[in-house]
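Working notes, beginning with the structure itself.
Below, chains carry the letters A, B, ... as their sequence lines are ordered, and counting in each starts from 1. Quick caveat, the model's predicted, so the values are computed rather than measured.
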Amino acid sequence: MTTLESTPARDFIRTKVSEDLAANKNDGRVVTRFPPEPNGYLHIGHAKSICLNFGIARENPGGVCHLRFDDTNPAKEDVEYVDSIQEDVHWLGFDWGEHRYYASDYFPKLYDYAEQLIKAGKAYVCDLSADQAREYRGTLTEPGKESPYRNRSIDENLDLFRRMRAGEFADGSRVLRAKIDMSSPNIIMRDPTLYRIKRSSHHRTGDTWCIYPMYDFAHCLSDSIEGITHSICTLEFEINRPLYDWILDQLPVNSHAQQIEFARLNLSYTIMSKRKLLKLVEQGFVTGWNDPRMPTISGFRRRGFTPESIRNFCERIGVAKRDSMVDLALLEHTIREDLNERAPRVMAVLRPLKVVIENYPDGQSEDLEAQNHPANPEMGSRKVPFSRVIYIEQEDFMENPPKGFHRLAPGREVRLRYAYFIKCHAVVKDEISGEILELKCTYDPATRGGSAPDGRKVKATIHWVSAAHAISAEVRLYDRLFTVENPEGDKEKEFTAFLNPQSLETLTDCRLEPSLATARPEAHCQFERMGYFCVDLIDTRADRPVFNRTVTLRDTWAKIQGKN
RNA sequence: UGGGGCGUCGUCAAGCGGUAAGACACAGGACUUUGACUCCUGUAUUCGGAGGUUCGAAUCCUCCCGCCCCAGCCA
């Protein structure tokens with residue numbers, strides 16, 4: 001359904017790429033990269049970056065986008081994450097082709113570059129402890145002090161660095177540092193650490209290394225090795241750009257990308273920090289990274305979002321440099337927009353209320369023709385069985401309806417979608433609790449299919465399901481994960497304090513029309529008047545379907561009620 | 001009180017010296033066998049503030065105010 005997608009807006013990054021192309025800056029090449037660290041699942045913020053990087057590559061002739069795992073910190077990384085990342089990028093609709101790389105594949109080259117830096121007198125081995133290093137670094141307003149180890153000879157540095165690699169020193173006892181400027185107003189430039197000793201088994205290189213390069217050292221050089229032309233990252237790395245450029249300027253590299261920063265995505269009523277998402281998973285606030293309430297790509301997928309809707313969302317939010325908080329309503333709009341086009345309509349009663357149609361013959365049933373998508377006849381039709389006892393939605397009946405309510409009520413007539421007009425003439429209640437147990441109605445045989453020969457109108461059309469034919473199912477109603485727009489915005493309270501206790505409501509007694517018995521996992525549909533749903537990929541069993549509510553339909557009636 | 005970024009409608013976001021696009025949200029109305037969809041209509045005399053330059057400023061200059069990022073041997 002690419003019809004929904006138009007040409008992406010000319011944001012400042014695309015403009016820059018075009019200008020570089022026009023100036024023949026990189027011999028006409030456009031090479032971008034999406035460089036996740038495999039320490040968590042991808043979220044909607046990553047989707048923005050993926051759409052940007054892969055999108056730019058796709059839009060420019062000969063453009064390429066690499067997938068590169070920035071796996072320089074084995075302590076936090078895992079193959080589970082590299083697998084999920086690849087699956088999510090593919091699902092989103094992008095392909096890196098041959099260009100899948102790992103920073104860890106460059107460890108030998110990176111090590112070599114480090115030695116070259118030492119030989120050029122631009123890096124040194126420092127024996128300061130982490131605490132001492134912090135003291136020597138100075139503060140935001142005071143310059144730092146030079147390390148006493150800063151002026152070791154090149155030979156000594158080389159010897160020490162080789163012995164670091166050989167495993168002669170304890171973790172944390174020494175680091176390799178760039179020799180730049182301890183009084184730089186940019187703290188990043190105060191002799192940043194390039195390599196640290198860390199005895200941690202790496203998910204790809206195992207125990208081959210006991211020293212690992214830092215982000216600043218590995219990232220720019222990885223870009224350079226791959227011939228990246230535009231290194232697009234988020235705003236918080238803007239301050240690292242001078243270091244990115246400094247490292248590449250010291251070394252005999254033949255490619256030096258331009259780093260361009262944009263504002264990361266913030267979405268209302270959720271969080272985007274991988275650390276915090278991990279906490280939700282580990283502490284059991286959600287069932288996993290792919291819990292339908294999670295803002296992860298796999299979570300949205302399981303919730304029933306389509307790749308098209310997410311790509312569309314990423315296109316509409318734009319790319320700029322100012323911090324922003326995008327309204328969740330925009331994401332909901334893009335998924336409704338997509339599902340409205342493609343989701344077949346079916347009837348499902350979530351909270352059943354029994355209705356006996358007293359003038360309909362007992363034991364009789366008939367099949368009625370129902371459109372799969374009224375606005376799209378090519379999607380065909382299906383038969384829906386009707387009989388004497390049906391279920392309707394509890395909320396579609398009110399014994400004492402307020403003004404404005406025009407569904408079923410005592411003495412009132414409504415249309416059963418694709419079936420008949422029915423009129424309610426009695427309410428059966430539990431004598432003690434007063435709970436409405438059942439409705440007694442009559443139907444008008446002349447209104448078969450839903451229209452009256454005498455031209456009389458009804459105010460409402462409601463959905464229904466034949467009791468004898470319905471299949472039962474579990475339906476999970478999802479709502480926003482947090483109760484406040486910005487769960488991370490409170491200085492006193494932790495974000496978990498704003499978790500929405502009603503983010504999941506599980507309904508176990510739902511009745512669906514029988515055609516749904518064959519719905520495949522991940523299939524999308526619209527339960528008429530209730531919302532868009534999909535068949536849960538994980539928990540659905542052949543004899544017990546589980547449906548997830550992707551998003552409700554717009555509900556102006558609820559809005560009117562809310563005002564009163 | 002160091003440095004780097006950013007401030008245009010409720011939320012995103014165009015605009016780059018010629019007189020404020022668009023989207024979402026919101027509010028009316030039409031249509032309707034989904035109170036859905038669709039379709040109309042409305043919604044910033046104003047661009048963080050104050051000065052200045054100019055025939056003309058959201059766009060240029062000056063000062064001020066506000067928000068974000070940086071003191072990991074995380075990325």
In whole Å, I'd like the distance from the [atom1] atom of [X] to the [atom2] atom of [N].
X	N	atom1	atom2	value
A/Tyr269	B/C24	OH	C1'	14 Å
A/Asp71	B/C74	CG	C1'	14 Å
A/Ile188	B/G4	CD1	P	14 Å
A/Arg316	B/A13	CZ	P	15 Å
A/Glu236	B/C74	CD	P	17 Å
A/Leu176	B/G72	CG	P	19 Å
A/Leu243	B/C73	CG	C1'	15 Å
A/Glu315	B/A13	CD	C1'	14 Å

[X] side-chain N/O to [N] phosphate OP1/OP2 under 4.0 Å:
X	N	answer
A/Thr334	B/C24	no
A/Lys198	B/C74	yes
A/Lys321	B/C68	no
A/Ser324	B/U11	no
A/Arg529	B/G35	yes
A/Arg196	B/A75	yes
A/Arg137	B/C73	yes
A/Arg336	B/A36	no
A/His463	B/U34	no

Name the pairing partner of [N], where a pair is Watson-Crick or G-U wobble with both distances under 3.5 Å, or state none.
N	result
B/U38	B/A30
B/G2	B/C70
B/U43	none
B/A75	none
B/C12	B/G22
B/C63	B/G49

Same-atom distance ([atom1]) from [N] to [M], integer angstrom:
N	M	atom1	value
B/C69	B/C12	P	16 Å
B/C60	B/G66	C1'	23 Å
B/C67	B/U8	P	14 Å
B/C9	B/U46	C1'	10 Å
B/A13	B/G7	C1'	14 Å
B/G52	B/C47	P	16 Å
B/A57	B/G51	C1'	14 Å
B/C16	B/A21	P	12 Å

Is it true that A/Lys16 and A/Asp20 make a salt bridge, defined as a side-chain N closer than 4.0 Å to a carboxylate O?
yes
Within the structure shown, what part of the strands sits under 4.0 Å from [X] by heavy-atom distance: base, sugar-phosphate, or nothing?
X	result
A/Val319	sugar-phosphate
A/Arg417	base
A/Thr556	sugar-phosphate
A/Ser129	base
A/Asn240	base
A/Arg174	nothing
A/Tyr212	nothing
A/Arg345	base

Out of [options], which has the shortest distance to the side chain of [X]?
X	options	answer
A/Val175	B/A75, B/G2, B/C73	B/C73
A/Leu330	B/G5, B/A75, B/A23	B/A23
A/Pro374	B/U34, B/G4, B/C26	B/U34

Please state whether the rings of [X] and [Y] are parallel, tilted or perpendicular, taking 30° and 60° as the class boundaries.
X	Y	result
A/Tyr81	A/Trp289	perpendicular
A/Tyr215	A/Phe237	tilted
A/Phe495	A/Phe482	tilted
A/His219	A/Tyr244	tilted
A/Tyr420	A/Phe386	tilted

Going by a 90° cut-off around 0, is B/G72 syn or anti?
syn
5'-most by nearest nucleotide on RNA chain B - A/Arg415 or A/Leu140
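Here A/Leu140 is the residue nearer the 5' end.
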For A/Lys457 and A/Thr139, take the nucleotide of RNA chain B holding the closest heavy atom to each; which residue's nucleotide lies nearer the 5' end?
A/Lys457
Give a yes or no on this: more than 12 heavy atoms of other residues, nucleotides or ligands lie within 6.0 Å of atom CZ of A/Arg264.
no
Are any non-hydrogen side-chain atoms of A/Val17 and A/Glu19 less than 4.5 angstrom apart?
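They are not in side-chain contact.
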Test side chain to side chain contact (heavy atoms under 4.5 Å, CB included), reference A/Leu194, set A/Asp216, A/Leu117, A/Leu110, A/Ile118, output is A/Leu117
Do A/Arg322 side-chain and B/G5 base share a donor-acceptor contact under 3.5 Å?
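In this structure, the two groups form no donor-acceptor pair.
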Kindly state whether the pair A/Trp557 / B/G35 counts as stacked, where counting means centroids closer than 5.5 Å and planes tilted less than 30° apart.
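Here A/Trp557 meets both the 5.5 Å and the 30° conditions.
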